[in-house]
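Each ligand, and each atom within it, is numbered from 1 in the order the structure gives. Just so it is clear, the model here is predicted, and its values are computed rather than measured.
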Amino acid sequence: MRYRGLVIRPPSEAGSYILQVTYGCSHNACTFCPTYKGVRFSPRPLEEVEEDIAAASRLIPYTRRVFLADGNALCLPTEELERILRLLRQSFPRLERVGIYANGGDINGKPREELRRLAEMGLGIVYLGLESGDDEVLRRVRKRDTCEEMVQAVLKAKECGILTSVIVLLGLGGKEGSLRHARLSAEAVSRMNPHYLSALTLMVVPGTPLHAEWERGEFEMPDQRGLLEELREFISACRLEGCVFRTNHASNYLPLKGVLSRDRERLLNTIERAFQRPEMLRPEFMRAL
Ligand code: SF4
């Protein structure tokens, strides 16, 4: 159970055994993302992965959930993922679910039969960063996939029996593009209708290209009120059924949780209250990536 570099995982995988199967992210070009800067992407040697699984099976034999890190581990060849999933099943008799991060291209590039096989072998949930439904924004921040590619990826994963969790990034449209970013993101996720949806809030981190743009005055972040308005616009425009929505990530000012569309009014009322009572918002110093 050894780790190299910064290892991240979605909040919902907090209780999972994190198994690093790649180092870094194969794209590593998004201008807002500090996570793997300076890390050269590489698959982790399989023998090391196997050694870690063996060690974990002795230390935490009752593991029910495993998360495969790093950035977009689904880019690994399917045979390699199958080998890892097989070993996990053999090593953890109570294993219920394996999660993984993916880019749209990782899903779109695999035939459906392969995705179905991975699902049958325990790959239960895939986390995808849509970030924005606005292609203009996606191009500007150098995301790898277009909005349409992300929509197709989520639909394909669902069709193959894998739960999907999609992330949008509040603030990424900047101050001027804020409401357009909210509306187009809502439109995209409504077409996807993922099982889970999270909104995170952009933090402009020193050392990233986006921070340099911000310093040059080429990017302006919406203020706290602007971000609440963006969140309100986003939730109002979402047309989702049975999708668990959360803003519980530490980057957000206002933690929300509900099922869309059932809880839309309650969530919108909470946002309205937060406009009146700023003490409901997470203080700046407590925000984190
Ligand atoms: S694809 Fe994800 S992990 Fe990779 S650079 Fe972009 S935001 Fe960061």
Side-chain angles (χ1 to χ4, degrees), residues 3-13 16 18-44 67-76 81 99-110 125-154 156-157 164-174 181 185 188-189 192 194 196-214 219 221 247 249-252 287-289:
Y3 297 97
R4 196 166 96 185
L6 178 65
V7 179
I8 60 162
R9 45 102 189 125
S12 51
E13 298 283 349
S16 305
I18 311 295
L19 173 65
Q20 218 171 4
V21 298
T22 61
Y23 296 121
C25 154
S26 68
H27 178 55
N28 211 11
C30 302
T31 63
F32 59 88
C33 176
T35 312
Y36 303 114
K37 290 288 172 271
V39 178
R40 194 154 154 206
F41 174 80
S42 63
R44 189 173 178 205
F67 181 75
L68 302 179
D70 278 338
N72 58 324
L74 196 69
C75 71
L76 285 177
L81 288 166
I100 201 164
Y101 278 131
N103 285 333
D106 302 328
I107 294 176
N108 293 332
K110 288 195 193 297
I125 184 163
V126 62
Y127 298 85
L128 297 111
L130 166 68
E131 325 299 4
S132 177
D134 184 347
D135 276 325
E136 192 98 341
V137 172
L138 295 176
R139 245 191 321 274
R140 179 169 53 72
V141 302
R142 289 196 240 135
K143 275 299 284 189
R144 177 181 131 162
D145 304 294
T146 63
C147 172
E148 184 58 33
E149 286 166 339
M150 291 298 285
V151 171
Q152 293 311 320
V154 171
K156 187 172 176 184
T164 53
S165 182
V166 171
I167 301 143
V168 295
L169 198 47
L170 299 172
L172 199 62
H181 162 61
S185 300
V189 298
M192 296 169 167
Y196 301 95
L197 172 64
S198 317
L200 274 60
T201 300
L202 174 67
M203 298 186 76
V204 184
V205 178
T208 58
L210 187 66
H211 188 267
E213 280 177 42
W214 174 77
F219 177 79
M221 185 71 187
T247 62
H249 189 264
S251 63
N252 289 314
R287 293 179 66 219
L289 280 178

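Closest to atom 8 (Fe) of ligand 1, if we only count protein heavy atoms, is Cys33 SG, 2.4 Å. Looking only at protein heavy atoms, the nearest one to atom 2 (Fe) of ligand 1 is Lys143 NZ, 4.2 Å.
At a heavy-atom distance under 4.0 Å, only side-chain atoms of Cys25, from C-beta outward, approach ligand 1. Of the heavy atoms in Asn103, only side-chain atoms (C-beta onward) come closer than 4.0 Å to ligand 1.
The Asn28 neighbourhood of ligand 1 comprises atoms 4 (Fe), 5 (S), with distances under 4.0 Å to a heavy atom of that residue. Those atoms of ligand 1 with a heavy atom of Ala29 less than 4.0 angstrom away are 5 (S).
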Problem set entry | Derivation and outcome, side chain to side chain contact (heavy atoms under 4.5 Å, CB included), residues Asp134 and Arg140 | CA-CA 10 Å; Asp134 184 347; Arg140 179 169 53 72; over 6 Å; no
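With Thr22 as the partner, the side-chain contact (heavy atoms from CB on, under 4.5 Å) test is satisfied by one option alone out of Asn72, Asp70, Leu74: Asp70.
Remark: the backbone N or O of Gly105 is paired with a side-chain donor or acceptor of Asp145 at under 3.5 angstrom. At distances below 3.5 Å, at least one donor-acceptor pair connects side-chain atoms of His27 with backbone N or O atoms of Arg142.
Residues Phe67 and Tyr101 bring their aromatic ring centres within 6.0 Å.
Backbone or side-chain N, O or S atoms of Cys30 do not reach atom 8 (Fe) of ligand 1 at under 2.8 Å.
Within a 6.0 Å radius of CD in Glu148, other residues, nucleotides and ligands contribute more than 12 heavy atoms.
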